[in-house]
Structures are given as structure tokens and as C-alpha cells.
Student: 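Take a look at this one; I'll ask things after.
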Amino acid sequence: MPELPEVKTTVNGLKKYLVGKTIKKVWTDWEKMVKKPADFSYFKSTIKDKKIKDIIQRGKNIVFLLSNDYSLLIHQKLTGHLLYGKWKEKEKGNWVSQTKGLMSSDKMNSYIHFIFFFKDGHQMALSDLRKFAKIVLAKTKEIKKDLDKELGPGILEIDFKEFKKRLEQKRTSIKKAIMDQGVIAGIGNIYSDEALFRARIHPLKKANNLTEKELKRLYNAAQKILKQAIKYNGTSVSDYRTPKGKKGEFSKLLKVYGKDGERCPQCSSLIEKVKVGSRTARFCPKCQKK
DNA sequence: ACAATATCCTGCGAGC
DNA sequence: TGCTCGCAGGATATTG
């Protein structure tokens, strides 16, 4: 999954196709993705005949606003992605795409674990190799309340002042702090590495030890990179696809993420990796000093 | 407030 | 060739 640029690409795509459509039924071979309501048959009956009024992005979450004050929340986690098209069940649980452009040969089709069927015959599929994706159906008010409680403001919605205020009080590493969705929403492992590289900040530097100048560089780098990545339809390391099944093109512009052992484009030093909490950070030891 | 660890899953590439 | 190990765009719960 998708971090903010991938989620945004997904939401923008889906909006074009799905707003106004009415859900007829759902299919799944992995009910566990639905965290709420606990009873899956209640989920099915509640979602039936609901119309999609709008689709919004909040951090890395996708929220489908439905009729009757209900909302459907989908978080794609690591390998989930939403596709729009039509599929046919060839054998049990084996869905083959009938849509031009959405190649039936794409192996992501074999990881479809959820399909929403609409009254007009179109479908939205959730492909998710690792089955970590989360689906929640609840009253819109409740969903919004929960999101507001869990998430900080979106990285593209805050000014430098707010950015600084939120980070300068964090005593953890800067990488962890900007990836913490409760501090700022939207940044994950790829874009934190890329933003820190462009701002020339070591991932393990304590957030509250950054100078005003460093914070400013980081803010600017994050804004720039994320906007650029949205234009490129996100990054496809392996799994991510746009709703039409295309790969994100920002992969070409990555400078450090996944590049350990390669040369820094700035100074030719070898890119290194280091553990930051449970994640791996890639950085240039010469350009990004602690 | 923060760190460390396990957990939810499957596939892939490295190294032996 | 085939095995085992570690790792992968995320987040949460638990324990210290």
C-alpha cells in the first residue's frame, strides 16, 4: 500500500467510475478483512442497495460515503489495491478480468479476495497478496470520529508552522515521527526515506533535535515529493496498481528507497540501510549526517 | 513518552 | 535443484 500518493491515485480514479453506483452484492474468500461489523452476514445485508455518494481520502484510508449515513472504510495496508472493472469466476475463487487494459495476465488478479458488485454490472475488486487489508462498515459519523481520533492532519494539508509544532516535541527518531499517522497522516516507509534524503537528514536523528532549517527542508521536500508522486500515479515497488491496473511511475524517481548497496546520486557514496524501529531506512551516510 | 516484540499473511530472492 | 531464512508501501496490542 500504499502511502498517500498511491491512496490518492486510487481515490481519484475510483471517484470517476463509482460515484452514483449502487452496490448489489459482495463476494469474498476472506471474511476476516471485515473488522466491523463482527457479523459478516450483517455486513452483507447492510451494504446491499447502498449507493456511493462520494469517496474521500484521509491519510492512508479510503472512505466510501454511502446512502443512509453509512460509510465503508478500506485501508489497503501493505499489498492491497483496489481495481475497477469486470471479472468472471472461472473456477472457485479464480477471477479473470474481462476489462481491456486490466490484463487478465496480471498476476495480481490471482490475489483478489473481495469484490463489490454494482447494479450496472461493474465491479470493484480488492487484490491483496498478504491479506492485511482492513474493511469497516459503520455510520459515517462513527467512522469520521474514529479517524479524527487516530490521525493527525494530512501532510499536504498543513503549513510549516503546524508541521514544526508537531515534530519538535517528539523525542523519537525523525523517521519514526513522520511515519506516525497520529502525528502527521500519509507518509510511510518509501516517502519518508526519500524526503529525508532530499532534506539531507539522517533517519535516526531525534525529531526534537532538528534545527528550524532542517525542519523547513524536510517540510519542503515532503511536500514536493508527495505532489510529484501523485502526478506519477504513485510508486509500484511490486504490488501497487491504479484502479485501471497500471503501475505507478514514481518508482523511476526513487533515489534511496530500496537502493542500499547502490551509489548515492548526489555524492556516489554507497547507500546504507539501518533499522528504525521495526522498519528499514535507506540513506546516504555522507549526505545525511547525524 | 517511548522502545521492543509479536501478530496478521504470502511470495520472493539470497545463500547454502 | 531445493531448502531455509529474512525481508516486504502498515498498524495494533502487549509488555517493560
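All of these numbers come straight from a predicted model, not from anything done at the bench. Labels below follow one simple rule: chain letters A, B, ... track the order of the sequence lines, proteins then strands, and each chain is numbered from 1.
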Student: Please report the distance, rounded to the nearest Å, between CG in A:Asn233 and P in C:dG9.
Tutor: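 Rounding to the nearest Å, CG of A:Asn233 and P of C:dG9 are 21 Å apart.
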
Student: Polar pairs (N or O, both sides) under 3.5 Å between protein and nucleotides 14-16 of chain C?
Tutor:
none

Student: Tell me, which of residues 177-187 of chain A have any heavy atom that sits under 4.0 Å from an atom in DNA chain B?
Tutor: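 Going residue by residue through residues 177-187 of chain A, none turns out to have a heavy atom under 4.0 Å of DNA chain B.
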
Student: Using atom P in both nucleotides, what's the gap between B:dA4 and C:dC7 to the nearest angstrom?
Tutor: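 Nearest-Å result for B:dA4 against C:dC7 at atom P: 16 Å.
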
Student: For residues 13-24 of chain A, dump all side-chain donor-acceptor pairs below 3.5 Å to protein atoms at least two apart in sequence or in another chain.
Tutor:
from, atom 1, to, atom 2, distance (Å)
A:Lys21, NZ, A:Tyr17, O, 3.1
A:Lys21, NZ, A:Asp120, OD2, 2.9

Student: When you measure from every atom of DNA chain B, which of residues 131-139 of chain A have a heavy atom less than 4.0 Å away?
Tutor: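 Correct list: A:Lys131, A:Phe132.
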
Student: Toss me the dot-bracket line for DNA chain C: Watson-Crick and G-U wobble, both under 3.5 Å, 5' to 3', using | for pairs to another strand and [ ] for crossers.
Tutor: .|||||||.|||||||

Student: Grab the CG-P distance between A:Asp239 and B:dT10 for me, whole Å please.
Tutor: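 It is 14 Å, rounded to the nearest whole Å.
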
Student: Expressed as a whole number of angstroms, how long is the span from A:Asn61:CG to C:dA11:C1'?
Tutor: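 Going from CG in A:Asn61 over to C1' in C:dA11 covers 10 Å.
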
Student: Report the distance from atom CD1 of A:Ile225 to atom C1' of C:dG9, rounded to the nearest whole Å.
Tutor: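 Going from CD1 in A:Ile225 over to C1' in C:dG9 covers 14 Å.
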
Student: Is the ring centre of A:Phe116 less than 6.0 Å from the ring centre of A:Phe114?
Tutor: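 A:Phe116 vs A:Phe114: aromatic centres under 6.0 Å.
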
Student: Under 3.5 Å, is there a donor-acceptor pair linking the side chains of A:Tyr191 and A:Thr235?
Tutor: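 A donor-acceptor contact under 3.5 Å links the two side chains.
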
Student: Show each protein N/O and nucleotides 6-8 of chain C N/O combination with a separation under 3.5 Å, one pair to a line.
Tutor:
from, atom 1, to, atom 2, distance (Å)
C:dA8, OP1, A:Thr280, OG1, 2.9
C:dA8, OP1, A:Arg282, NH2, 2.9
C:dA8, OP2, A:Thr280, OG1, 3.3
C:dA8, O3', A:Tyr257, OH, 3.4
C:dA8, N3, A:Arg130, NH1, 3.4

Student: With a 3.5 Å cut-off and just heavy-atom distances, do the side chain of A:Ser238 and the base of C:dG9 make a donor-acceptor pair?
Tutor: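 For A:Ser238, whose side chain was compared with the base of C:dG9, there is a donor-acceptor pair (under 3.5 Å).
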
Student: Take the protein atom CG of A:Leu204 and the nucleotide atom C1' of B:dC2, then report the distance between them rounded to whole Å.
Tutor: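 A:Leu204 atom CG is separated from B:dC2 atom C1' by 15 Å.
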
